[in-house]
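Every number for a ligand or one of its atoms is a count from 1 in the order of the listing. Everything numeric here is computed off the predicted structure, so don't read it as measured data.
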Amino acid sequence: MTDVAIIGGGVIGLASAWRAAQRGLSVTVLDPAPGSGASHVAAGMLCPVSEVQHGEEPLLALSMESARRWPAFAAEVHAASGRDVGHRTEGTLLVAFDDDDLRALEELRRFQEALGLEVSRLRSRACRELEPGLSPRLRGGVLVPGDHQVDNRKLVAALWEACRRVGVRFEPRSVTRLDEVHAERVVLAAGCWSAMLEELPVRPVKGQILRLRFDPADAPLTRTVRALATGRCVYLVPRADGELVIGATMEERGHDTTVTAGAVHDLLRAAIDVVPGVSELELVETNVGLRPGTPDNAPIIGVSTDDERVVYATGHHRNGILLAPVTADAVASILTGDEPPAVVAAFGVGRFRR
Ligand code: GLY
């Protein structure tokens with residue numbers, strides 16, 4: 001019998017499997033198609049500061065801790081797999097398209113500064129000096145030097161290889177009941193499908209997202225840009241190899257994975273307002289990811305309150321890629337009886353069961 005069965009081969013399941021196997025546990029990942037869900041569709045932004053929201057300060061502490069672990073995590077995954085994960089550290093630029101957008105961005109900047117986060121206000125011209133592809137119509141921006149990115153698809157492939165090299169087994173099958181899984185411990189890392197296996201407040205939050213291609217010698221952007229464009233939010237994430245990811249909608253539509261004309265139109269319209277050169281790029285993919293949302297937008301990490309055999313690592317909503325390092329370290333520590341990172345203590349399932 002395997003020591004640990006991990007239900008779900010997305011970034012959280014794979015990272016947890018790798019870390020647990022590194023600590024000497026025998027690990028099996030159960031997933032009919034590892035790495036094909038939200039982890040594949042994601043943009044790979046590592047943006048705790050840019051995405052901070054009022055009322056989500058506990059999540060910020062977790063996100064900042066995971067962001068702190070990212071450079072070493074990326075280097076270690078690369079070394080363990082022989083595969084680059086496309087970690088880029090140029091920072092993130094937030095921009096505002098019109099005066100109302102600028103007021104909203106200024107309000108966000110004041111909140112970020114009040115939290116002691118590193119941000120700096122830029123005039124429109126300074127934004128365009130950093131990113132000449134930006135529209136001259138922009139009203140201003142905020143530079144967030146500590147918000148980085150990783151290529152989520154390269155990451156998943158590298159984690160899979162790192163798992164394979166450390167002896168993790170893969171069983172390509174779905175699980176319908178946890179009590180049918182034969183293992184000492186079971187880690188539930190099934191993203192938005194977790195609530196089908198356990199009574200958890202995790203629901204799918206649909207995100208439509210686009211992938212375009214550019215000539216790397218003529219990049220429209222060199223760093224992630226997140227824009228408010230006449231009230232619409234859009235992000236543009238350029239990869240070094242010529243991929244540009246543009247996202248994403250936030251929709252409550254259950255498990256629906258339809259790509260709609262309206263969403264593609266709205267995302268492209270906002271992106272082209274902000275970076276006019278986007279209109280010339282090849283559109284190579286439209287896709288949908290189902291984020292595992294929770295009532296407080298934060299993940300559920302820790303032992304089940306009903307069954308000590310079961311460990312939860314789910315509900316990462318918009319932040320699965322960012323939170324992978326700290327989640328995987330926490331899961332591996334729980335499984336080996338070590339102390340998990342202190343910052344994880346606030347994210348047990350108990351907060352929803354009081
Ligand atoms: N973290 C970006 C998104 O969920 O769209």
Side-chain angles (χ1 to χ4, degrees), residues 10-12 15 35-53 56 59-60 62-64 66-67 70 85-88 91-95 108 112 144 146-156 191-192 194 202-212 221 223-229 231-239 243-257 259-260 263-264 266-268 270-271 274 285-299 314-327:
V11 69
I12 298 296
S36 65
S39 307
H40 181 73
V41 181
M45 289 178 296
L46 309 175
C47 287
V49 176
S50 312
E51 291 214 358
V52 68
Q53 305 242 359
E56 293 185 1
L59 175 59
L60 176 68
L62 184 69
S63 305
M64 292 297 282
S66 206
W70 248 103
V85 299
H87 187 227
R88 292 187 76 171
T92 292
L93 184 59
L94 312 180
V95 296
L108 174 63
Q112 290 164 330
V144 186
D147 277 4
H148 300 154
Q149 63 143 308
V150 66
D151 184 324
N152 46 297
R153 293 182 178 178
K154 290 184 176 166
L155 172 67
V156 165
C192 76
S194 301
V202 179
R203 68 184 197 287
V205 180
K206 177 178 177 180
Q208 301 194 48
I209 192 164
L210 316 174
R211 281 177 157 80
L212 295 82
L221 292 173
R223 53 171 64 67
T224 297
V225 167
R226 299 175 61 96
L228 281 172
R232 301 155 298 175
C233 298
V234 67
Y235 53 75
L236 301 95
V237 186
R239 311 280 194 225
E243 181 179 77
L244 180 68
V245 185
I246 297 178
T249 63
M250 291 276 287
E251 302 169 70
E252 300 283 349
R253 293 189 187 271
H255 288 86
D256 170 48
T257 54
V259 175
T260 63
V264 174
D266 291 350
L267 288 169
L268 285 176
V274 175
E285 182 182 313
T286 59
N287 215 332
V288 171
L290 298 177
R291 309 173 182 91
T294 64
D296 60 6
N297 297 333
T314 187
H316 290 73
H317 195 223
R318 295 177 63 97
N319 297 304
I321 308 291
L322 168 63
L323 295 176
V326 75
T327 304

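Within the 4.0 Å heavy-atom criterion, the part of Met45 lying near ligand 1 is the side chain and not the backbone. Contact annotation: for His317 versus ligand 1, there are no heavy atoms closer than 4.0 Å.
Arg239 and Gln149 share a donor-acceptor pair across their side chains, judged by distance under 3.5 Å alone. Judged purely by distance below 3.5 Å, without hydrogens or angles, the side chains of Ser39 and Asn152 never pair a donor atom with an acceptor atom.
In this structure, atom 4 (O) of ligand 1 lies nearest to the protein heavy atom Arg291 NE, 2.7 Å.
Ligand 1 lies less than 4.0 angstrom from a heavy atom belonging to Glu51.
With respect to Val264, the side chain to side chain contact (heavy atoms under 4.5 Å, CB included) criterion is satisfied by exactly one of Ile209, Ile246, Val259: Val259.
Backbone and side-chain nitrogen or oxygen atoms of Arg318 are examined, and one is located within less than 3.5 angstrom of a nitrogen or oxygen of ligand 1.
Between Trp70 and His87, the two ring planes are parallel [angle under 30°; tilted spans 30° to 60°].
Between the Arg211 side chain and the Val41 main chain, a donor and an acceptor come within less than 3.5 Å of each other.
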Could you walk me through whether Met45 and Val245 pass the side-chain contact (heavy atoms from CB on, under 4.5 Å) check?
-> CA-CA 10 Å; Met45 289 178 296; Val245 185; over 6 Å; no
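Close approach to Ala248 involves these atoms of ligand 1, each under 4.0 Å from a residue heavy atom: 5 (O). Taking every non-hydrogen atom of Tyr235 and a distance limit under 4.0 Å, the qualifying atoms of ligand 1 come out as 2 (C), 3 (C), 5 (O).
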